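Below: one structure, written as structure tokens.
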Amino acid sequence: AGLVEEAFRSAGEDNAEDLQTMRADVLKDYASKQSVGATLRQLLNRLLIKQPDDPVLYMINSLENWHVLKVCVLGPPGSGKKNSLRDAFATTGT
């Protein structure tokens, strides 16, 4: 199931009314633009690798100190920019 569908399923009584007034396409658009799914996957990966004693505190601290890697690749046409980016993303898992 997708991220938005899971949010609807797990909303519970407190948030069910709020989620019912929102359209799924708006939520999906927001989640996509803000890279919510990728952020949560990276956070979960880090959590499972580190296996801290207090996972909630670890996630809070991780999000408070979150750094987004931004990359700019410059070069003339045909210099292999696309392949370089593909290799970098494959290596970092992002």
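The shown structure was predicted, so the numbers you read here are calculated from the model rather than taken from an experiment. Along the sequence shown, the residues carry numbers beginning at 1.
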Give, for atom [atom1] of [X] and atom [atom2] of [Y], the distance between the pair rounded to the nearest 0.5 Å.
X	Y	atom1	atom2	result
Leu48	Leu43	CG	CG	9.5 Å
Asn45	Lys50	CG	NZ	13.0 Å
Asp54	Ile60	CG	CD1	8.0 Å

Item to check | Closest non-hydrogen atom pair, Leu74 against Lys81 | outcome: C-CD, 3.9 Å

Next on the checklist: With a 4.5 Å cut-off on side-chain heavy-atom distances among I, L, V, M, F, W and Y, is there a chain of contacts connecting Leu44 to Leu63?
Outcome noted: yes

Next on the checklist: For Tyr58, is there any backbone N or O sitting under 3.5 Å from a side-chain donor or acceptor partner on Ser62?
Outcome noted: yes

